[in-house]
2 protein chains.
Amino acid sequence: MSADTLWAALADPHRRAMVGLLLTRPMPVGEIVDACGLSQPSTSKHLKVLREAGLVRVRQDAQRRVYALDPAPIAELDAWLAPYRRLWNRGLDTLGRRLDETADDPRDPSPKD
Amino acid sequence: MSADTLWAALADPHRRAMVGLLLTRPMPVGEIVDACGLSQPSTSKHLKVLREAGLVRVRQDAQRRVYALDPAPIAELDAWLAPYRRLWNRGLDTLGRRLDETADDPRDPSPKD
DNA sequence: CCTTTATATTCCTGTCAAGGAATACACCCA
DNA sequence: TGGGTGTATTCCTTGACAGGAATATAAAGG
């Protein structure tokens with residue numbers, strides 16, 4: 001599963017919501033539909049994306065499909081974060097100094113139009 | 001800065017590459033163009049997205065714009081990750097059991113067509 | 001078998017983001 | 001002030017994705 005697939009899957013707020021929902025417990029599609037307020041087809045499509053990113057697994061229970069979170073891929077994100085975490089842990093002041101020298105501009109100089 | 005903006009900014013692989021590049025040191029646009037192999041306009045547009053997500057800052061040096069990483073927003077991701085990290089740290093076996101009960105299906109049952 | 005229930009898939013449409021080319025803008029220097 | 005350099009912006013086209021409606025599929029139960 002490419003990193004891109006993972007990032008793309010989580011880039012969508014509805015999908016993050018679903019993942020967050022499944023954090024509490026596994027859940028059949030119907031409940032996810034109710035919780036997210038999306039249509040059933042749309043929900044199923046999002047779940048498919050999550051499946052393909054390896055973020056969820058399905059168990060079949062009669063006609064129902066119960067989705068459960070698989071947090072393993074998220075470890076990949078964690079690994080990606082590591083170098084940055086090092087930055088903001090190891091001295092926000094060091095970084096701050098670097099940024100102070102560096103920013104004689106406000107955060108975003110683009111004309112807000 | 002909404003979480004969506006941040007995720008969207010990082011969802012693009014070129015932008016992640018730029019962020020990773022700026023992890024080593026601040027850098028003017030020209031160098032980023034060379035390193036990423038994108039056109040200069042495209043690069044500028046990506047940098048704008050990163051700016052608007054608060055991930056980079058600009059310092060003006062004569063005609064050059066030197067971009068520097070601001071890892072602060074990434075802390076937001078780290079916070080988002082926390083609950084999941086708890087899952088995979090605190091007993092992959094517990095989770096594993098949950099998934100085993102749960103998965104009598106291969107990872108993704110969708111017809112690979 | 002036929003119906004009901006639960007979910008997946010297809011079709012269609014509108015929106016949005018990405019990329020290149022051309023152009024505008026800002027700054028330095030002579 | 002004019003030219004050169006470095007960067008941003010605009011315009012346009014194209015491709016990807018989201019969402020709804022309708023439909024297909026799968027399983028359970030009578």
Side-chain angles (χ1 to χ4, degrees), chain A residues 2 4-18 21-22 26-53 56-68 102 104-113, chain B residues 2 4-18 21-22 26-53 56-68 102 104-113:
Chain A
S2 79
D4 283 14
T5 308
L6 178 60
W7 281 98
L10 290 173
D12 183 275
H14 287 135
R15 287 193 290 261
R16 286 200 304 281
M18 292 178 189
L21 199 60
L22 293 176
M27 212 172 284
V29 176
E31 282 188 48
I32 304 179
V33 167
D34 293 345
C36 294
L38 284 175
S39 72
Q40 177 270 315
S42 186
T43 303
S44 273
K45 278 180 280 188
H46 283 300
L47 287 170
K48 180 177 188 172
V49 174
L50 292 175
R51 241 164 33 215
E52 289 174 349
V56 298
R57 295 179 177 238
V58 199
R59 172 179 59 116
Q60 189 145 7
D61 170 39
Q63 310 105 333
R64 268 176 298 180
R65 304 284 189 108
V66 179
Y67 279 82
T102 262
D104 39 35
D105 252 343
R107 170 67 64 78
D108 180 0
S110 47
K112 258 303 164 271
D113 169 34
Chain B
S2 79
D4 283 13
T5 310
L6 178 61
W7 280 99
L10 290 173
D12 184 277
H14 288 135
R15 287 194 289 261
R16 285 201 303 282
M18 293 180 189
L21 199 60
L22 293 177
M27 213 171 283
V29 175
E31 282 189 49
I32 303 179
V33 168
D34 293 346
C36 294
L38 284 176
S39 70
Q40 177 270 314
S42 187
T43 304
S44 274
K45 279 180 279 190
H46 282 300
L47 287 171
K48 180 177 188 172
V49 174
L50 292 175
R51 241 164 33 215
E52 290 174 348
V56 299
R57 297 179 176 235
V58 200
R59 172 178 59 116
Q60 190 144 7
D61 171 38
Q63 311 104 336
R64 269 178 295 181
R65 304 283 190 109
V66 179
Y67 279 81
T102 261
D104 38 34
D105 252 342
R107 169 69 63 78
D108 182 1
S110 48
K112 258 304 161 274
D113 168 39

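Naming: A, B, ... by sequence-line order, numbering from 1 per chain.
Panel note: side chain Ser42(A), backbone Leu38(A); no donor-acceptor pair is recorded below 3.5 Å. For the pair Arg64(B) (side chain) and Pro28(B) (backbone), a donor-acceptor distance under 3.5 Å is absent. The backbone N or O of Leu10(B) sits less than 3.5 Å from a side-chain atom of Arg16(B), completing a donor-acceptor pair.
Residue Arg15(A) places at least one side-chain N or O under 4.0 Å from the OP1 or OP2 atom of dA18(D). For Tyr67(A) and dA6(C), the shortest distance from a side-chain N or O to OP1 or OP2 is not below 4.0 Å. Residue Ser39(A) has a polar side-chain atom (N or O) positioned under 4.0 Å from OP1 or OP2 of dG20(D). Remark: His46(B) is not in phosphate contact with dA17(C), judged by side-chain N or O atoms under 4.0 Å from OP1 or OP2.
Among the heavy atoms of the strands lying under 4.0 Å from Ser42(A) are primed sugar atoms or P, OP1, OP2 only; no base atom is included. Looking at heavy-atom distances under 4.0 Å, Ser44(B) makes contact with a base.
Only one option out of Met18(A), His14(A), Arg15(A), Glu31(A) pairs with Cys36(A) in a side-chain contact (heavy atoms from CB on, under 4.5 Å); it is Met18(A).
With sequence neighbours excluded, no residue forms a side chain to side chain contact (heavy atoms under 4.5 Å, CB included) with Gln63(B).
Protein atom CG of Leu47(A) is 15 Å distant from nucleotide atom C1' of dG19(D), rounded to whole Å. The CZ-P distance, from Arg59(A) to dA27(D), rounds to 16 Å in whole Å. Rounded to whole Å, the distance from CD on Glu31(B) to C1' on dT7(D) is 14 Å. dA8(C) atom P lies 12 Å from atom CG of Leu50(A), rounded to whole Å. Whole-Å rounding puts the Leu38(A) CG to dA18(D) C1' distance at 10 Å. What separates NE2 of His14(A) from P of dC17(D) is a distance of 17 Å, to the nearest Å. If you take NZ of Lys48(B) and P of dA18(C), they are 12 Å apart, rounded to a whole angstrom.
The Lys45(A) side chain lies nearest to dG19(D) when the options are dA18(C), dT7(D), dG19(D). Checking dG20(D), dA18(D), dA8(C) against the side-chain heavy atoms of Val29(A) singles out dA8(C) as nearest.
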Under a 4.0 Å heavy-atom criterion, the protein footprint on nucleotides 22-30 of chain C, written with B, S and -, is B----BS--
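For the 3.5 Å distance criterion, the side chains of Tyr67(A) and Arg51(A) qualify, holding a donor opposite an acceptor.
Separation of atoms CE (Met27(B)) and CG (Leu47(B)) is listed at 11.0 Å; rounding is to 0.5 Å.
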